[in-house]
Undergrad: 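Sharing a structure with you now.
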Amino acid sequence: MSTHLMPHSSRPDVPPARHIARPRLAILATALVAVLTPALGACAGGAASAGGGGAGGNGTLKWTSSYFPAHWDPVVSGSGAQFRELALVYASLTRTDETGNAVPDLAESWEYNEKGDQVTFHLRPGLKFTDGVPLDATAVKDAVERAKKQKNSALFGDLTSIQSVDANGLDAVLHLTQVDYQIPQLLGQRVLQIASPKAAATPEKLDQNPVGAGPFTITQLVPGTKAVLKKNPAYWDAKNIHIDNVELTSAPDASTVVNGLQTGVYNFADIKPSQADAAEKAGLDVFVQPGFNASNISLNINKAPFDNDKVVDAVRYAVNRQEFVDKLTFGHGSVTNQPFPKGYVAYDPESENTHPYDPAKARQLLAEAGHKPGDIKLNLVIPNEDPQAEIVQSQLAKVGVTVTIKIDKNWSNPFFAKDLTFSLYGTTGRDSAAQTLTAHFGPNGPLNLSSPYEPNGFEAAIAKVRQTPLDAPDYPKVLRAATRAGLQSKALVFTYSSPNLIAKSKSISALPKNPAHIDWTGVTISGN
């Protein structure tokens, strides 16, 4: 999975509330104002001329990404951080605005039936994929069915509320398995980027020859290395896409990215917190992209020693979240014990700091569980070297637990098969808060290492969230109650949140501040 800027004044007005179920997320914009403000370098320096001119030509975005897609089939890659790059090629039924509300994209409006178990999306007329295939309700039906049934789909777990889709011209009617007002939130960029059904008929070809209806189309693709794209004149909002070409490359060693931005090899890049200071001093624009990133320690309570509640609680009290922030985020992160940032509608203040750092209490709980110092020996299995693992190792050593770090390049297989006992995970969340909670705490949640376990009361709490319209007055209260129920889980210990940091040439204008998304609407490059 995962997690990861200018108002959309040029977009059509959002249809009335009766057509669109809208969440009350305005509080996010206020609460996160400090992290949304661009941190600009003091001097323009040589970077100021690196964006529009140079080898890429006027209007060329030269983006180097740490998340260059291994797969270009959105069914395979759409749930992870790569969805931002895939969004160059693919569009979705909805997208989110600066406050996290679902707003029109391929669908110009939508409406629920009276019961709330059916939602109809009305597509914009005249849309086509870049291969000329009409983008109609049949294409939406194909996309949903493929995401639910394709063997290597990363999205099937997100679509359990959708039973079937009827295609009626430009109207896609989604029949739901339950009352679920989260669907417009869910089916945004991350979960249902829509590919041409003709191209998707052979998924393995689509995977390296993407065909969508997004703002750009690929003209050259070197798998794992580089993609060259040009503006798609048939994109529904092409008039507000001011970038002519994109050169997307896989990021080199992190230490060379800032130099590449200075010299004009790139003009846009995601950077690590350790690079932010150097980027600012180089005269680059460095800004924080709001998002839902959260890191956690994953426990499998179906396996010893975590089948003992006191051992689980001991780990909770042994974790010093501030150490993760201090050592890993260079002042750009924050401690957290839940998968949402403070101020976001789903963040539950009542659950804040329920297990504060208390190593003495951790040692006491281990003793009560019958364990002497050194008794418990754990393998912490991770996919690659990660300084988080060393912090966990050190902190648990202080309470008498021995941790050995094991790197498994095929880590995802045992993790998602729930075969591991102890691991780490970071996520970028979902646009639907209910889906984020379900992924972490539900009995079949992909991020729940202890499946089929779920905390008591969570099922009922999340069902109530889905049954509550997003514009209902009590929606925030209902959603926070579900977060509170989920945080009773013994399977996850959240540690810290680190934002998405972007460095760009000053020749690139400000980007819309959409949580976790990178949106090129209205963005200009000087020299265009």
Side-chain angles (χ1 to χ4, degrees), residues 1-4 64-73 75-86 151-155 157 190 207 223-225 250-255 257 270-274 291-300 302-303 306 315 319 324 327-329 333 339 377-396 402-430 436 439-440 445-451 491-498 500-501 516:
M1 307 287 131
S2 356
T3 332
H4 350 156
T64 189
S65 172
S66 299
Y67 305 102
F68 190 93
H71 302 280
W72 286 84
D73 180 353
V75 163
V76 178
S77 247
S79 67
Q82 298 86 2
F83 79 91
R84 300 178 182 95
E85 287 76 12
L86 267 62
K151 286 185 179 181
N152 60 348
S153 172
L155 305 179
R190 193 181 309 235
D207 198 46
T225 303
S250 178
D253 183 83
S255 63
V257 169
D270 57 275
I271 59 173
K272 298 183 182 299
S274 59
F292 308 113
N293 301 333
S295 296
N296 67 65
I297 302 169
S298 293
L299 314 177
N300 191 334
N302 301 311
K303 297 177 181 290
F306 300 124
V315 172
V319 172
F324 288 86
K327 291 184 176 179
L328 303 180
T329 73
K377 295 179 174 59
L378 296 169
N379 287 333
L380 179 60
V381 183
I382 55 177
N384 43 53
E385 291 186 11
D386 188 339
Q388 292 183 74
E390 296 175 5
I391 294 175
V392 172
Q393 183 184 52
S394 172
Q395 292 183 357
L396 290 186
T402 301
V403 173
T404 300
I405 299 170
K406 300 282 189 180
I407 295 177
D408 181 357
K409 297 297 184 182
N410 296 313
W411 162 91
S412 61
N413 293 330
F415 184 94
F416 292 118
K418 320 299 182 183
D419 288 336
L420 299 181
T421 299
F422 192 40
S423 190
L424 300 177
Y425 202 97
T427 176
T428 58
R430 291 288 190 275
T436 295
H440 284 91
L447 308 185
N448 177 7
L449 190 57
S450 295
S451 295
L492 291 159
V493 181
F494 288 94
T495 53
Y496 77 105
S497 177
S498 186
N500 303 311
L501 292 176

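Just so we're clear, the structure is a prediction, and the values are computed from it rather than from any experiment.
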Undergrad: Just by modelled atom types, is the S450 backbone N or O under 3.5 Å from a matching donor or acceptor in the N302 side chain?
TA: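 The answer is yes, because a donor-acceptor pair under 3.5 Å joins these two groups.
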Undergrad: Return the set of residues passing side chain to side chain donor-acceptor pair (under 3.5 Å) with S66 (not counting sequence neighbours), or none when no residue passes.
TA: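 Applying side chain to side chain donor-acceptor pair (under 3.5 Å) to S66 gives D270.
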Undergrad: Quick check: are there more than 12 heavy atoms from other residues, nucleotides or ligands sitting under 6.0 Å from NZ of K406?
TA: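 Counting neighbours around NZ of K406, 12 or fewer heavy atoms of other residues, nucleotides or ligands fall under 6.0 Å, so no.
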Undergrad: What are the two closest non-hydrogen atoms of A516 and F292, and how far apart are they?
TA: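 A516 and F292 have their closest heavy atoms at CB-CD1, 4.4 Å.
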Undergrad: Restricting to non-hydrogen atoms, name the atom on Q388 and the atom on L424 that form the minimum distance, rounded to 0.1 Å.
TA: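 In terms of heavy atoms, the two residues are closest at CB-CD1, 3.8 Å.
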Undergrad: Where the side chain of T421 meets the backbone of N300, is there a donor-acceptor pair that is under 3.5 Å apart?
TA: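 No: the side chain of T421 does not pair with the backbone of N300.
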Undergrad: Using the test side chain to side chain donor-acceptor pair (under 3.5 Å), find all partners of S295 that sit at least two apart in sequence or belong to another chain.
TA: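 With neighbours one apart ignored, the set is empty.
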Undergrad: I'd like to check the side-chain contact (heavy atoms from CB on, under 4.5 Å) partners of D408; sequence neighbours left out, ordered by chain and number.
TA: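 Residues passing side-chain contact (heavy atoms from CB on, under 4.5 Å) with D408: V381, N410, W411, P414.
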Undergrad: Just jot down the salt bridge (Lys or Arg N to Asp or Glu O under 4.0 Å) partners of K327, sequence neighbours excluded, or say none.
TA: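 Salt bridge (Lys or Arg N to Asp or Glu O under 4.0 Å) check on K327 returns E323.
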Undergrad: Using 0.5 Å steps for rounding, measure from the CG atom of L380 to the CD atom of E390.
TA: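 Taking CG in L380 and CD in E390, the distance rounds to 10.5 Å.
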Undergrad: So, for F415 and P446, which heavy atoms are closest and what is the spacing to 0.1 Å?
TA: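 Shortest heavy-atom contact: CE2-O, 3.6 Å.
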Undergrad: For N296, enumerate each residue passing the side chain to side chain donor-acceptor pair (under 3.5 Å) test, keeping only those at least two apart in sequence or located in another chain.
TA: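 N296 satisfies side chain to side chain donor-acceptor pair (under 3.5 Å) with S298 once adjacent residues are dropped.
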Undergrad: Taking all heavy atoms of S451 and all of K418, pick out the closest pair and write down the distance.
TA: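 Reported closest heavy-atom pair: OG-CE, 3.5 Å.
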Undergrad: Please identify each residue that fulfils side-chain contact (heavy atoms from CB on, under 4.5 Å) with T329, with sequence neighbours left out.
TA: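 For T329 the side-chain contact (heavy atoms from CB on, under 4.5 Å) partners, ignoring immediate neighbours, are V325, Y496, S498.
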Undergrad: Checking side chain to side chain contact (heavy atoms under 4.5 Å, CB included) for the pair H440/Y425: CA distance, chi angles, key distance, verdict?
TA: CA-CA 11 Å; H440 284 91; Y425 202 97; over 6 Å; no
Undergrad: Who are the ring-ring contact (aromatic ring centres under 6.0 Å, His included) partners of F306, not counting sequence neighbours?
TA: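 With neighbours one apart ignored, the set is F422.
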Undergrad: Of all the heavy-atom pairs spanning D207 and A70, show the shortest one and how long it is.
TA: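 Of all heavy-atom pairs spanning D207 and A70, the closest is OD2-O, 4.5 Å.
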Undergrad: Drop me the distance from D419's CG to L449's CG, to the nearest 0.5 angstrom.
TA: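 That separation rounds to 9.0 Å.
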Undergrad: Restricting to non-hydrogen atoms, name the atom on L447 and the atom on L492 that form the minimum distance, rounded to 0.1 Å.
TA: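 Nearest heavy atoms, L447 then L492: O-CD2, 3.7 Å.
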Undergrad: Which residues pass the side chain to side chain donor-acceptor pair (under 3.5 Å) test with N152, not counting sequence neighbours?
TA: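 In terms of side chain to side chain donor-acceptor pair (under 3.5 Å), with neighbours along the sequence ignored, N152 is linked to Q150.
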Undergrad: Sequence neighbours excluded, which residues qualify as side-chain contact (heavy atoms from CB on, under 4.5 Å) partners of Q393?
TA: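 With neighbours one apart ignored, the set is V403, I405.
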Undergrad: Could you tell me if the side chain of P273 sits less than 4.5 Å from the side chain of L328, heavy atoms only?
TA: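 They are not in side-chain contact.
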Undergrad: If only atom types and distance count, is the side chain of T436 paired as donor or acceptor with the main-chain N or O of R430 below 3.5 Å?
TA: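 Such a contact is found between T436 side chain and R430 backbone.
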Undergrad: Applying side-chain contact (heavy atoms from CB on, under 4.5 Å), name anything that partners K409, two or more places apart in sequence or on another chain.
TA: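 With neighbours one apart ignored, the set is N384, I407.
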Undergrad: Kindly indicate, with the supporting measurements, whether the criterion side chain to side chain contact (heavy atoms under 4.5 Å, CB included) is fulfilled by F68 and E85.
TA: CA-CA 7 Å; F68 190 93; E85 287 76 12; over 6 Å; no
Undergrad: Check whether any side-chain heavy atom of P339 lies under 4.5 Å from a side-chain heavy atom of F494, and answer yes or no.
TA: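 A side-chain contact exists here, since the closest heavy-atom pair is under 4.5 Å.
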Undergrad: Hey, could you give me the CG/CG distance between L299 and L378, rounded to the nearest 0.5 Å?
TA: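 L299 atom CG to L378 atom CG measures 9.0 Å (nearest 0.5 Å).
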